[in-house]
Each structure stands twice: as C-alpha cells, then as structure tokens.
Protein chains: 2
Amino acid sequence: MNYSVSEENYIKSIYHLQQQTDTVTTNSLANELRTKPASVTDMLKKLRTKRLVDYEKYRGFKLNAAGSKIALGIVRRHRLWEFFLVNKLGFEWDKVHDIAEELEHVSSAELIKKLDSFLNFPQTDPHGDPIPDTNGKMAVIKQLSLAEIDAKKTVVVSSVGNQSPEMLEMLKHYHIGIGTSLKINRHFAFDGSVEIKVTQQSACIISGQMAKNIFVHHG
Amino acid sequence: MNYSVSEENYIKSIYHLQQQTDTVTTNSLANELRTKPASVTDMLKKLRTKRLVDYEKYRGFKLNAAGSKIALGIVRRHRLWEFFLVNKLGFEWDKVHDIAEELEHVSSAELIKKLDSFLNFPQTDPHGDPIPDTNGKMAVIKQLSLAEIDAKKTVVVSSVGNQSPEMLEMLKHYHIGIGTSLKINRHFAFDGSVEIKVTQQSACIISGQMAKNIFVHHG
DNA sequence: AATTTTTTTTAGATTTGTCTAAATTAAATT
DNA sequence: AATTTAATTTAGACAAATCTAAAAAAAATT
C-alpha cells in the first residue's frame with residue numbers, strides 16, 4: 001500500500017502524540033497538524049477504512065499494529081534524513097526538521113536502504129532520538145533528564161527534548177552536544193537549577209528548564 | 001513564488017520538449033506527462049496566469065524567461081540528486097530517474113546549496129547531461145554522436161541519449177561509461193555500425209543504433 | 001440532576017488537479 | 001474550396017483534502 005503525503009503526516013502525528021497519551025483526541029491532533037478538527041475527523045474515517053487506526057466517534061483514536069508499522073517507517077526515513085543533513089551536508093540540527101519533513105515522503109525503499117548503508121547504519125538521529133530499523137524495531141532509551149539524576153553521578157548526554165534554535169544556542173554556549181560526558185555536582189532546590197562539570201571545562205550552572213530538556217544515560 | 005509538484009512537472013516537461021521543438025503542442029505534453037489533453041489545457045491557463053508561459057489557444061506554447069528559469073532550477077535539483085544517488089549511494093544510473101523525480105520537488109534552496117557543495121560542485125549528471133548553476137546557466141555541450149564523427153578520431157564519451165537498463169547493459173558489456181576514451185576505427189555503410197577501440201581493450205563493433213546514442217567530444 | 005461549556009461530528013462548500021464527452025478550431029485531403 | 005480528420009478547448013463532473021457553520025455528544029459546572 002502507498003499513502004499520500006497527507007495521510008503520512010496524520011499517521012506520524014498520531015504516533016508522536018501517542019508517546020504522551022495512549023489515546024489521541026481530535027483537538028490535539030488538529031492542533032499538532034495546524035488544521036481544523038473537522039478535517040481530522042474526515043481523515044480519521046479514511047484511515048479507519050484503511051485499517052490503520054482504532055477509532056470510534058467521540059472516543060478518541062490510536063494507531064493499530066498496521067498503523068504503527070507505517071508510522072515507524074516514516075520516523076525511520078525522517079531520522080535517517082536528519083542524520084544525513086547534519087552529518088553529511090553540515091546543517092545545524094535546529095534547521096533540519098522541516099527539510100526532513102519533506103524528504104521523509106520520498107517513497108523508494110531501495111533509497112532508504114542505500115542511504116542507511118551510506119550513513120553507516122546510525123542508531124540515533126542528531127537529536128539523540130533512536131532510528132527504527134527496517135522492521136520497525138526501535139531501541140527504547142530510558143529518558144532520564146538531568147533534573148532527575150542524583151548529584152555526583154557522571155552521565156552522557158543522549159538526547160534533547162527541544163529542537164529549537166534557542167535550545168541549540170544554549171547548548172553550544174555550554175559546549176554540550178549528544179555524547180558529551182558531564183558530572184552532576186549538585187541540584188539547587190530553590191529553582192531546580194543544576195551545577196554541572198563538563199570534561200575539560202570549569203563547572204557551570206544550568207537552569208531547571210534546561211536540565212529538564214537534557215536527557216542522559218549513565219556513562 | 002512556490003509551485004506545486006504538478007506545476008513543476010508541467011514546467012519541466014515543457015522545458016524538455018522545447019529542446020526538440022521550439023513550440024510545444026498540447027498533445028505532445030499530454031503524452032509526455034501521461035495525462036489527457038484537456039488536463040494540459042487547464043494547467044496551461046494556470047501557468048499563463050502565473051506568467052510562466054506564452055500561450056494562445058490553439059497556437060501551442062513555450063516557456064517565457066521566468067518559466068525557463070524555474071525549469072532550470074528543477075533540472076538543477078534533479079541532476080544534483082541523480083549525481084548523489086549514483087556517486088554517493090551507489091545506484092546504477094538506470095535506476096535513479098524516478099527517485100530523483102521525487103527528490104527534485106523538495107523545495108529548500110539551502111538544501112540544494114549544501115548538496116552541491118557536498119558533491120563538490122559537479123558539472124554533469126551520471127548520464128553526462130550538464131547541471132545548470134544557481135542562476136540557471138548551463139554549459140552547452142555540442143551533442144555529436146559516434147555515428148557523426150569521422151573515422152580515425154579519438155574521442156571521449158560525454159553523455160548517452162538513452163537511459164534505459166538495456167542501454168546500460170550494453171555499455172557495461174563494452175566497458176563504456178561517461179569519460180571513456182575511445183578511437184573510431186571505421187564506419188560500415190551497410191547498417192551504420194561502427195568499429196571502435198576502447199583503451200586497453202580489443203576493437204569491437206557497435207550497432208548504428210548504439211552509435212547514435214553515444215555522444216562524445218573531442219578528447 | 002440540570003445546565004453550561006467544550007469537544008467532536010456532520011453537512012455542505014471550496015480548491016486543486018484530474019477526467020470524459022461534446023464542441024470548436026486547425027490541418028489535411030479530396 | 002469543400003470536406004474529412006485530427007488537435008484542442010470547453011463544459012461539466014469527480015476525488016482528495018481542506019474549510020466554515022451548525023448540530024450532536026460528552027464533560028464540566030452549578
């Protein structure tokens with residue numbers, strides 16, 4: 001089966017919203033896609049007919065197994081292209097989302113296979129998010145933010161929860177990227193800010209906001 | 001201005017047909033795009049409104065300066081992507097057309113700029129066709145086929161007039177590719193076949209059909 | 001529990017790009 | 001020059017994806 005760009009965008013957005021809430025609502029999807037609730041209802045009937053979603057009117061909806069598989073294929077293409085744009089073409093990672101959003105709809109399976117191989121089978125995209133494999137299998141990475149980790153531990157940055165230029169600017173300022181190793185010195189109770197020490201740099205304090213958006217794993 | 005995928009396809013096809021005949025007819029364009037003449041008429045009214053074509057009903061049509069510029073932008077993107085697919089991803093050149101056809105509609109100018117640089121500013125695509133520059137300037141390559149060149153001359157293959165798998169198969173058999181240097185031994189009047197000698201190979205005879213589809217420049 | 005507010009769906013319209021069938025114009029033939 | 005044939009355009013319909021406004025259902029509030 002082949003899906004239209006519009007159908008693919010709906011499927012992908014439902015997938016992303018499901019990460020937060022198991023069942024997705026018409027309004028939230030309309031908001032995500034910057035469209036109107038009436039349009040969402042229309043498309044959901046279509047996706048139901050194609051047997052990609054479980055949907056009863058007024059009851060919300062979710063992707064079924066078939067829908068999830070399609071979604072993971074789209075996510076795979078999106079993240080491989082993001083990796084390409086950053087690591088081969090030299091884009092900053094806050095600039096690649098919209099372009100990858102277009103590239104992800106190019107439908108050749110052979111293209112994605114060869115792109116994957118050309119990129120050396122990367123496991124995560126430039127934001128640290130895992131890339132699903134051909135079968136839709138994706139590494140589950142425990143998302144622990146700097147705000148949740150005990151002091152004195154040394155950790156490695158694995159992903160960021162915000163892909164805005166503003167976030168990138170701050171990360172650059174602190175010399176933090178995916179893979180950066182750092183030690184948590186202490187947490188400040190007053191505003192949740194965190195003192196960290198990046199290797200070969202003097203200790204510094206990041207805001208609670210930042211801490212919540214920097215995800216790490218034990219290094 | 002931003003154009004739809006459909007508009008871009010019409011513009012590109014008009015451009016290609018104009019290479020052969022200055023003025024394009026409704027039927028020929030419908031045939032090229034595998035659509036119906038009525039659809040072509042509809043779209044041409046639209047392109048005329050957008051001031052991209054000169055078109056009077058029943059009189060045929062052609063791209064004006066603005067339309068040609070758009071067309072060359074699309075050709076540029078198409079050929080850069082073809083170069084990428086062959087030289088970076090390892091596709092055979094008979095497999096890349098359809099994929100490039102999709103990729104060419106991805107609209108980011110920054111993407112194409114960076115792709116061009118990543119590919120090291122190639123001058124021709126994998127079939128030897130020249131790649132227009134950012135301003136729509138394109139090298140004019142004199143298209144002389146092997147059939148038209150005098151015997152005893154040594155030439156370099158610059159492009160091929162047919163991008164089918166069958167053509168590729170034959171070229172591979174003869175060890176001929178873009179850039180291959182070869183000497184024309186003699187022409188046979190009976191059927192137009194040509195005896196050639198590729199460097200480090202024994203002389204061989206190619207059909208008149210082949211000879212007409214292999215373009216060369218003096219090496 | 002009744003009422004109000006919010007969410008969702010339906011009904012009907014709109015835009016883009018396509019189509020078929022009929023009408024019109026141009027080109028070719030007699 | 002008249003007629004036939006071919007090419008092109010118009011008229012009207014259709015599918016996909018969207019929208020607005022109104023109706024219906026669910027959730028929240030009193």
Side-chain angles (χ1 to χ4, degrees), chain A residues 1-14 17-18 20-63 67 70-71 74 101-102 104-105 107, chain B residues 1-15 17-18 20-63 67 70-71 74 101-102 104-107:
Chain A
M1 248 299 197
N2 236 18
Y3 301 99
S4 72
V5 169
S6 199
E7 287 168 335
E8 287 195 349
N9 282 335
Y10 274 86
I11 293 166
K12 196 182 60 161
S13 290
I14 297 170
L17 290 172
Q18 275 188 235
Q20 296 162 306
T21 55
D22 185 51
T23 297
V24 179
T25 66
T26 304
N27 262 358
S28 64
L29 184 52
N31 185 56
E32 174 90 2
L33 287 164
R34 297 160 160 281
T35 183
K36 301 289 178 249
S39 308
V40 170
T41 301
D42 289 345
M43 181 58 91
L44 260 113
K45 286 182 192 160
K46 201 171 156 192
L47 295 178
R48 180 175 53 190
T49 307
K50 298 195 173 187
R51 302 190 179 290
L52 299 174
V53 292
D54 291 336
Y55 165 53
E56 281 180 86
K57 62 153 95 163
Y58 297 112
R59 286 281 117 83
F61 41 85
K62 56 170 80 170
L63 296 172
I70 306 296
I74 302 166
E101 199 103 303
E102 291 191 62
E104 75 192 11
H105 300 295
S107 59
Chain B
M1 248 302 197
N2 235 19
Y3 302 99
S4 71
V5 168
S6 199
E7 287 169 337
E8 287 194 351
N9 283 334
Y10 274 85
I11 293 166
K12 195 181 61 160
S13 290
I14 297 171
Y15 176 85
L17 290 172
Q18 275 188 233
Q20 294 162 308
T21 54
D22 185 51
T23 297
V24 180
T25 65
T26 304
N27 262 359
S28 64
L29 184 52
N31 187 56
E32 174 90 2
L33 287 165
R34 295 158 162 285
T35 183
K36 302 289 175 245
S39 309
V40 170
T41 302
D42 288 344
M43 181 59 90
L44 260 114
K45 287 183 194 159
K46 199 172 159 192
L47 295 178
R48 179 175 53 191
T49 307
K50 296 195 174 187
R51 301 190 180 290
L52 298 174
V53 293
D54 293 336
Y55 166 54
E56 280 179 87
K57 60 154 99 166
Y58 297 111
R59 286 281 116 85
F61 42 85
K62 55 171 80 168
L63 295 172
I70 306 296
I74 302 166
E101 199 102 306
E102 291 191 61
E104 75 192 11
H105 300 296
V106 175
S107 59

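A, B, ... follow the sequence lines: proteins, then strands. Residue 1 opens every chain.
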Inset, instruction - May I ask you to test the Glu104(B)-Asn9(B) pair for a side-chain heavy-atom distance under 4.5 Å? - result: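 Yes, at least one pair of side-chain atoms sits under 4.5 Å.
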Inset, instruction - Could you pull out the closest heavy-atom pair between Asn27(A) and Pro37(A), with the gap in Å? - result: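 Nearest heavy atoms, Asn27(A) then Pro37(A): OD1-CG, 3.3 Å.
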Inset, instruction - List in chain and number order the residues that pass side-chain contact (heavy atoms from CB on, under 4.5 Å) with Ser6(B), two or more places apart in sequence or in another chain; answer none if no residue qualifies. - result: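 By the side-chain contact (heavy atoms from CB on, under 4.5 Å) rule, Ser6(B) matches Ser4(B), Tyr10(B), Met43(B).
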Legend entry - With Glu8(B) via side-chain contact (heavy atoms from CB on, under 4.5 Å) - residues at least two apart: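 By the side-chain contact (heavy atoms from CB on, under 4.5 Å) rule, Glu8(B) matches Tyr3(B), Ile74(B), Arg77(B), His105(B).
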Residues in side chain to side chain donor-acceptor pair (under 3.5 Å) contact with [X], at least two apart in sequence or another chain:
| X | result |
| --- | --- |
| Thr21(A) | none |
| Ser28(A) | Thr25(A) |
| Thr41(B) | none |

Inset, instruction - With sequence neighbours excluded, give me every salt bridge (charged side-chain N to carboxylate O under 4.0 Å, His left out) pair touching residues 22-45 of chain B. - result: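 Salt bridge (charged side-chain N to carboxylate O under 4.0 Å, His left out) check on residues 22-45 of chain B returns Asp22(B)-Lys62(B).
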Inset, instruction - Within residues 54-61 of chain A, find the residues that approach DNA chain D with a heavy atom at under 4.0 Å, and present them sorted by residue number. - result: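 The stretch gives Tyr58(A), Arg59(A) as the residues lying under 4.0 Å from the strand, ordered by number.
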Inset, instruction - Can you sort out which residues in residues 25-34 of chain B have a heavy atom within less than 4.0 Å of DNA chain D? Ascending by number, please. - result: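 Contacts with DNA chain D under 4.0 Å: Thr25(B), Thr26(B), Asn27(B).
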Inset, instruction - Return the value, rounded to whole Å, for the distance between atom NZ of Lys36(B) and atom P of dT20(C). - result: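 Those two atoms, NZ and P, are 5 Å apart.
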Inset, instruction - Grab the NZ-P distance between Lys45(A) and dT18(D) for me, whole Å please. - result: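 Interatomic distance, NZ of Lys45(A) to P of dT18(D): 14 Å.
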Inset, instruction - For dT18(C), take OP1 and OP2 only and decide whether either is under 4.0 Å from a side-chain N or O of Ser6(B). - result: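 Result: yes.
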Inset, instruction - Could you tell me whether Ser39(A) contacts a base, only the sugar-phosphate backbone, or nothing, with contacts defined as non-hydrogen atoms closer than 4.0 Å? - result: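 If one applies the 4.0 Å heavy-atom cut-off, Ser39(A) turns out to touch a base.
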Would you tabulate the pairs of protein nitrogen or oxygen atoms and nucleotide nitrogen or oxygen atoms of nucleotides 11-16 of chain D closer than 3.5 angstrom?
none

Inset, instruction - Kindly write out the residues that satisfy salt bridge (charged side-chain N to carboxylate O under 4.0 Å, His left out) with Lys50(A), not counting sequence neighbours, or none if the list is empty. - result: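 Counting only residues at least two positions away or on another chain, Lys50(A) forms a salt bridge (charged side-chain N to carboxylate O under 4.0 Å, His left out) with Glu7(A).
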